[in-house]
Student: 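If you scroll down you'll find the structure; I have some questions about it.
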Amino acid sequence: VLVTPNETRRKQLQQSKLSFAKKELDDLEQWRKEHRPGPITLVPQRLGGNESEAQVRQNQQMILMQSKYQKKHKREEYVKAKRAAEEAEILKKKAIQREKAERLEVKKRQEEMRRREMLLEDQKYKTNELLNRLDVDLPKSDSCQIANPGPESTAWKRSHAYKQALREDENRRLEEMRQEQRRKAELLEFKQKQEEETRTRALKNEQRRVNNAFLDRLQNKTQPNNIYHPGYTG
């Protein structure tokens with residue numbers, strides 16, 4: 001269905017919209033005029049601070065130099081701490097290598113003593129075997145030896161004396177070796193104890209030095225930033 005438009009109605013609607021928009025704009029302009037801020041009144045005052053330009057420049061230069069010295073000091077402290085840590089690590093590695101070398105030396109000495117003992121045992125066994133063969137060749141009856149003393153009795157006495165002397169010599173050498181081993185063990189233990197005390201003392205001194213350096217840096221940070229005091233050498 002085709003409906004013919006009503007031109008009069010359309011014009012009335014457009015005019016009403018235009019009048020409503022114009023009324024809103026007029027109201028907005030009126031509101032702006034009513035709420036316009038008034039004039040600003042400030043009390044006159046002096047600007048620029050209480051210091052002269054030369055003094056301000058001098059203070060800026062001083063602050064700049066202080067920052068440079070502080071950066072240099074921090075860099076030097078960092079290098080010192082790094083060097084100290086590296087030296088401590090090197091000392092630790094040297095101590096570990098020294099302990100390994102000492103353990104290896106002790107092991108070698110123990111093996112040498114074991115070889116000597118085995119050699120002495122073997123020599124003692126061979127000597128006893130020889131003496132036993134000599135005893136077998138001698139007569140068994142002591143009464144005959146007493147009744148008829150002869151060359152066999154003299155040989156038996158000599159072999160018995162020789163065997164006794166060998167045994168005493170072997171026992172004496174074994175006792176000397178044990179005493180020497182005991183003395184070496186005591187000396188090694190005393191040396192290890194001294195090295196441990198020296199290493200502990202060095203570590204304590206290093207730790208005390210690092211702590212003192214840290215406290216000095218902390219104290220320098222807490223003090224006012226003024227390095228231009230009497231006696232300062234940079």
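When a residue number appears, it is its place in the shown sequence, counting from 1. Keep in mind that this is a model prediction, so the values were computed, not measured. The basis for the numbers below is simple: all heavy atoms, side chains too, and nothing from hydrogens, waters or symmetry mates.
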Student: Within the structure provided, determine whether E180 and M113 are in side-chain contact (heavy-atom separation under 4.5 Å).
Tutor: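 SC-SC contact between E180 and M113 ruled out.
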Student: Is it the case that more than 12 heavy atoms not belonging to Q58 sit under 6.0 Å from its CD atom?
Tutor: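 Result for CD/Q58: open.
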Student: Counting only heavy atoms not in R103, do more than 12 sit closer than 6.0 Å to its CZ atom?
Tutor: yes
Student: Other residues, nucleotides and ligands only: do more than 12 of their heavy atoms fall within 6.0 Å of CZ on R173?
Tutor: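 Yes, the 6.0 Å shell around CZ holds more than 12 heavy atoms from other groups.
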Student: I'd like to know whether E168 forms a salt bridge (charged side-chain N to carboxylate O under 4.0 Å, His left out) with R172, so could you lay out the CA-CA distance, the side-chain angles of the two residues, the decisive distance to 0.1 Å, and finally the verdict.
Tutor: CA-CA 6 Å; E168 292 178 356; R172 181 179 56 80; over 6 Å; no
Student: Please walk me through it: do D26 and K22 pass salt bridge (charged side-chain N to carboxylate O under 4.0 Å, His left out)?
Tutor: CA-CA 6 Å; D26 294 338; K22 185 177 181 182; 5.6 Å; no
Student: Can you find a heavy atom in the side chain of Y69 that is under 4.5 Å from one in the side chain of H73?
Tutor: no
Student: Look up atom NZ in K193 and atom CG in L188, then write down how far apart they are to the nearest 0.5 Å.
Tutor: 12.0 Å
Student: When rounded to the nearest 0.5 angstrom, what distance separates CE in M118 from CD in Q123?
Tutor: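 Answer rounded to 0.5 Å: 14.0 Å.
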Student: More than 12 heavy atoms of other residues, nucleotides or ligands under 6.0 Å from CD of Q207: is that the case?
Tutor: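 No - once you tally the heavy atoms of other residues, nucleotides and ligands closer than 6.0 Å, there are 12 at most.
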Student: Calculate, to the nearest 0.5 Å, the distance between atoms CG and CG belonging to L64 and N59 respectively.
Tutor: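 Separation between the atoms: 12.5 Å.
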Student: Flag the pair I90 / K94 as yes when at least one side-chain heavy-atom distance between them is below 4.5 Å, and no otherwise.
Tutor: yes
Student: Atom CD in Q12, atom CD in E7: separation rounded to 0.5 Å?
Tutor: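 Going from the CD atom of Q12 to the CD atom of E7 covers 12.0 Å.
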Student: Inspect the surroundings of NZ in K191 and state if more than 12 heavy atoms from other residues, nucleotides or ligands are less than 6.0 Å away.
Tutor: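 Incorrect, the count does not exceed 12.
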Student: Which distance, rounded to the nearest 0.5 Å, do you find between the CZ of R116 and the CD of Q181?
Tutor: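 So the CZ of R116 and the CD of Q181 are separated by 9.5 Å.
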Student: For the pair E102 and R98, find out whether any cationic side-chain nitrogen is under 4.0 Å from an anionic carboxylate oxygen.
Tutor: no
Student: So, do R57 and Q61 sit near enough that their side-chain heavy atoms are less than 4.5 Å apart?
Tutor: no
Student: Please report the C-alpha distance between E195 and R199 in whole Å, then the side-chain angles of each, then the deciding distance to 0.1 Å, and finally whether the salt bridge (charged side-chain N to carboxylate O under 4.0 Å, His left out) criterion is met.
Tutor: CA-CA 6 Å; E195 291 179 354; R199 185 162 54 252; 5.1 Å; no
Student: Taking CD in E53 as the centre, count heavy atoms belonging to other residues, nucleotides or ligands within less than 6.0 Å. Is the count above 12?
Tutor: no
Student: Is any side-chain N of the basic residue among E105 and R109 closer than 4.0 Å to the acidic one's carboxylate O?
Tutor: yes
Student: Are side-chain N/O atoms of R209 and N212 paired as donor and acceptor at under 3.5 Å?
Tutor: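 Judged by distance alone, the side chains do not pair up.
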Student: Got a second to check how far L119's CG is from E112's CD, nearest 0.5 Å?
Tutor: 10.0 Å
Student: Taking atom CZ of R115 as the centre, report whether more than 12 heavy atoms of other residues, nucleotides or ligands fall under 6.0 Å from it.
Tutor: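 Yes - once you tally the heavy atoms of other residues, nucleotides and ligands closer than 6.0 Å, there are more than 12.
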Student: Within a strict 4.5 Å, meaning less than it, do heavy atoms of the L203 and K92 side chains meet?
Tutor: no
Student: Taking C-beta and beyond as the side chain, do F190 and E186 meet within less than 4.5 Å on heavy atoms?
Tutor: no
Student: Just do the side chain to side chain contact (heavy atoms under 4.5 Å, CB included) check on E206 and L91 with the steps written out, would you?
Tutor: CA-CA 11 Å; E206 182 65 21; L91 290 176; over 6 Å; no
Student: Measure the shortest side-chain to side-chain distance between K68 and K71 over non-hydrogen atoms and say whether it is less than 4.5 angstrom.
Tutor: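 No - every pair of side-chain heavy atoms lies 4.5 Å or more apart.
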Student: Please say whether more than 12 non-hydrogen atoms of neighbouring residues, nucleotides or ligands are located less than 6.0 Å from CZ in R9.
Tutor: no
Student: Applying side chain to side chain contact (heavy atoms under 4.5 Å, CB included) to K184 and L187, what does each step give before you reach the verdict?
Tutor: CA-CA 5 Å; K184 289 181 179 179; L187 181 61; 5.7 Å; no
Student: Would you check if K108 and L104 make a side-chain contact, meaning some heavy-atom pair closer than 4.5 Å?
Tutor: yes
Student: Dump the intermediate steps for salt bridge (charged side-chain N to carboxylate O under 4.0 Å, His left out) on K33 and E29, then the final yes or no.
Tutor: CA-CA 6 Å; K33 289 180 180 181; E29 189 66 25; 5.0 Å; no
